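Here's the structure we're looking at; comments come further down.
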2 protein chains.
Amino acid sequence: MTSLFKYLGKFNTLSKEAEKAIAELSKTITVKKNTDLQPIGHTCKTIYFVNKGVARIYYFKDGVDITESFAFDNNIIARVESLFTGKPSRKAIQIIEDSEIVAINSTQLFKLYDKFPEIERLFRLIFESAYVDTVNRIEGIQFHTAEERYNSLIKDAPDVLKRVPLKYVASYLGITQVSLSRIRGSK
Amino acid sequence: MTSLFKYLGKFNTLSKEAEKAIAELSKTITVKKNTDLQPIGHTCKTIYFVNKGVARIYYFKDGVDITESFAFDNNIIARVESLFTGKPSRKAIQIIEDSEIVAINSTQLFKLYDKFPEIERLFRLIFESAYVDTVNRIEGIQFHTAEERYNSLIKDAPDVLKRVPLKYVASYLGITQVSLSRIRGSK
DNA sequence: GTGATTATTTATCATATGTTAAGTACTTCC
DNA sequence: GGAAGTACTTAACATATGATAAATAATCAC
């Protein structure tokens, strides 16, 4: 769980008591590739930290599997549209390669906010940062061609292409797998 | 400023002292149509609340004016990608019709967070909600045709079309104005 | 109110991406 | 290690949206 606290420390410095409180409601699990951590239709009550491995959030649009986002080593992943609303999520979290994951119980975590303002601040800062990433992503989706999007993925996150099946990358980029192959072929 | 506190009250109940503290660093201004509240290149240090009127966030992509988002009566608008990072924003906020705006000094507001955890919580909840909206918007952009996006805009926010020039709506939907006209014409 | 500017529509042609289908390459599992 | 399934590519055709240009409509300034 060391790397979790190293990650959290980048957002806010925590007291020993706060770290202990978070550790108490977290547990490390190893997960086999292709496993769903949480199924579609379930209300999200867990924030996951990818210690080592890869995960993605996905859902079905007209029967087609769509990847919303990826998380690699040392990053957090959660279905915020359910986590923050309490509504069931239409999305699932899937593990893409054999991974080591820290599962943080969000119901209990949110209860800690009253006792530990430093923890509330920590997660405020984490999700503010994620919010900024999401706002920036809209720009990338809306006003770049698929090829430009693919090129900047190669540049910003070359790991994705090595560790994630292309079919998942395609829907993440907002195109079909066939289009992605065409773009790759034209190089 | 009454409607601002009515809006804030939907997210978190505030003590009188907290309300007073927020009121002290806010000021109501009337702004003429087509005015930029804050120019491009400026680091965002203000959160705006639209008391009455319409505002939008926009930027230039290859010389073309792109609308990122709108805010109507009784809503908040801020360039979060600058507000939360401290970096200069490539975006501007423009007033679209003569409006009454409450400007909240964010530098001072963030300082209140230490003294008033209830204010930190309030804005955490506000931006968590905005984050969820943004995540949901990606889905709309990425996997619906321009026509579907236009139809759901009519349905969810008919005001937009009445109060906002179509050229701004087009880039918000991620298409050119000519395409938007074609879609409207085909009905 | 008239002219000038700005907003919107319509038409034509170009192009990126989608759809379907088939073929090849790679994995997995008994 | 061979069969079966899964992942990826390639090709041909269809279609939505972009680009450019020109026409009309609405708004603004004096």
Side-chain angles (χ1 to χ4, degrees), chain A residues 31-36 54 56 58 60-67 70 94-98 138-154 158-187, chain B residues 31-36 54 56 58 60-67 70 94-98 138-154 158-187:
Chain A
V31 188
K32 285 274 175 207
K33 151 180 201 179
N34 290 330
T35 314
D36 273 5
V54 186
R56 68 173 184 128
Y58 74 98
F60 290 97
K61 149 91 180 156
D62 301 335
V64 180
D65 176 318
I66 307 290
T67 298
F70 298 108
Q94 184 193 36
I95 298 304
I96 292 181
E97 62 184 40
D98 293 358
I138 287 192
E139 202 181 322
I141 295 172
Q142 211 160 12
F143 295 104
H144 292 94
T145 64
E147 184 160 2
E148 288 168 337
R149 267 139 45 205
Y150 175 69
N151 287 336
S152 65
L153 187 67
I154 291 177
D159 258 30
V160 176
L161 296 164
K162 286 180 204 125
R163 299 171 73 180
V164 174
L166 285 173
K167 59 177 179 174
Y168 297 155
V169 175
S171 64
Y172 174 76
L173 291 173
I175 55 179
T176 61
Q177 189 183 352
V178 174
S179 290
L180 179 56
S181 259
R182 175 166 37 205
I183 287 165
R184 287 159 54 85
S186 72
K187 301 226 152 198
Chain B
V31 187
K32 284 277 177 207
K33 153 180 199 175
N34 291 331
T35 314
D36 273 4
V54 187
R56 69 174 183 127
Y58 74 99
F60 290 97
K61 149 93 182 155
D62 300 335
V64 180
D65 175 318
I66 307 290
T67 298
F70 298 108
Q94 183 193 36
I95 298 304
I96 292 181
E97 62 184 40
D98 294 357
I138 287 192
E139 201 181 322
I141 294 172
Q142 211 159 11
F143 296 103
H144 292 94
T145 64
E147 183 161 1
E148 286 169 338
R149 268 138 45 205
Y150 175 70
N151 287 336
S152 65
L153 187 67
I154 292 177
D159 259 30
V160 176
L161 296 165
K162 286 180 202 125
R163 300 170 74 179
V164 174
L166 286 173
K167 59 177 177 174
Y168 298 155
V169 175
S171 64
Y172 174 75
L173 291 173
I175 53 178
T176 62
Q177 189 181 353
V178 173
S179 288
L180 179 56
S181 259
R182 175 167 36 203
I183 286 164
R184 286 159 55 84
S186 73
K187 304 223 152 202

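Predicted, not measured: the structure shown is a model, and the values here were computed from it. Numbered from 1 within each chain, the chains take letters A, B, ... in sequence-line order.
Between the CG atom of B:L166 and the C1' atom of D:dT24 there is a distance of 15 Å, rounded to whole Å. Taking atom CD1 on B:I175 and atom C1' on D:dA19, their separation rounds to 14 Å, with Å as the unit. Nucleotide D:dG18 holds its C1' atom 15 Å from the CD atom of A:Q142, rounded to whole Å. As a whole-Å value, the separation of A:K167 NZ from D:dC8 C1' is 11 Å. Here the P atom of nucleotide D:dT17 and the CG atom of B:L173 are 11 Å apart, to the nearest Å. If you measure from atom NE2 of A:H144 to atom P of D:dG18, you get 15 Å, rounded to the nearest angstrom. In this structure, B:E148 places its CD atom 14 Å from C1' of D:dT17, rounding to the nearest Å. Between the CZ atom of B:R184 and the C1' atom of D:dT17 there is a distance of 17 Å, given to the nearest Å.
Atom CG of B:L180 sits about 10.5 Å away from atom CD of B:E147, to the nearest 0.5 Å. The distance from the NZ atom of B:K61 to the OG atom of B:S171 is 13.0 Å, given to the nearest 0.5 Å. Atom-to-atom distance recorded for A:E148:CD and A:L173:CG is 12.0 Å, nearest 0.5 angstrom. Between the NZ atom in B:K162 and the CG atom in B:D159 there is a gap of 5.5 Å [rounded to 0.5 Å].
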Atom pairs, N/O to N/O, protein against nucleotides 28-30 of chain D, distance under 3.5 Å?
from, atom 1, to, atom 2, distance (Å)
D:dC28, OP1, B:K33, NZ, 3.4

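Partners of A:K32 by salt bridge (Lys or Arg N to Asp or Glu O under 4.0 Å), not counting sequence neighbours, listed by chain and number: A:D98.
Each of B:S179 and B:Y168 lies near DNA chain C, and the nucleotide nearest B:Y168 is the one positioned closer to the 5' end. Projected onto DNA chain D by closest heavy-atom contact, B:T145 and A:Q177 fall at different nucleotides, the more 5' of which corresponds to A:Q177.
No more than 12 heavy atoms of other residues, nucleotides or ligands sit less than 6.0 Å from atom NZ of A:K33.
A nucleotide of DNA chain C counts as in contact with chain A when one of its atoms lies under 4.0 Å from a heavy atom; the first and last such, 5' to 3', are C:dT17 to C:dT28.
Taking 4.5 Å as the limit, some side-chain heavy atom of B:Q94 sits within range of a side-chain heavy atom of B:Y168.
A:R149 contributes no side-chain N or O that, together with a main-chain N or O of A:G140, makes up a donor-acceptor pair within less than 3.5 Å.
For the pair A:R56 and A:Y172, the cation does not sit on the ring face, since its NZ or CZ is not both under 6.0 Å from the ring centre and inside 45° of the axis.
Note on A:T176: a base of the nucleic acid sits closer than 4.0 angstrom, heavy atoms only. Residue contacts for B:S181: at a heavy-atom cut-off of 4.0 Å it reaches a base atom on one of the strands shown.
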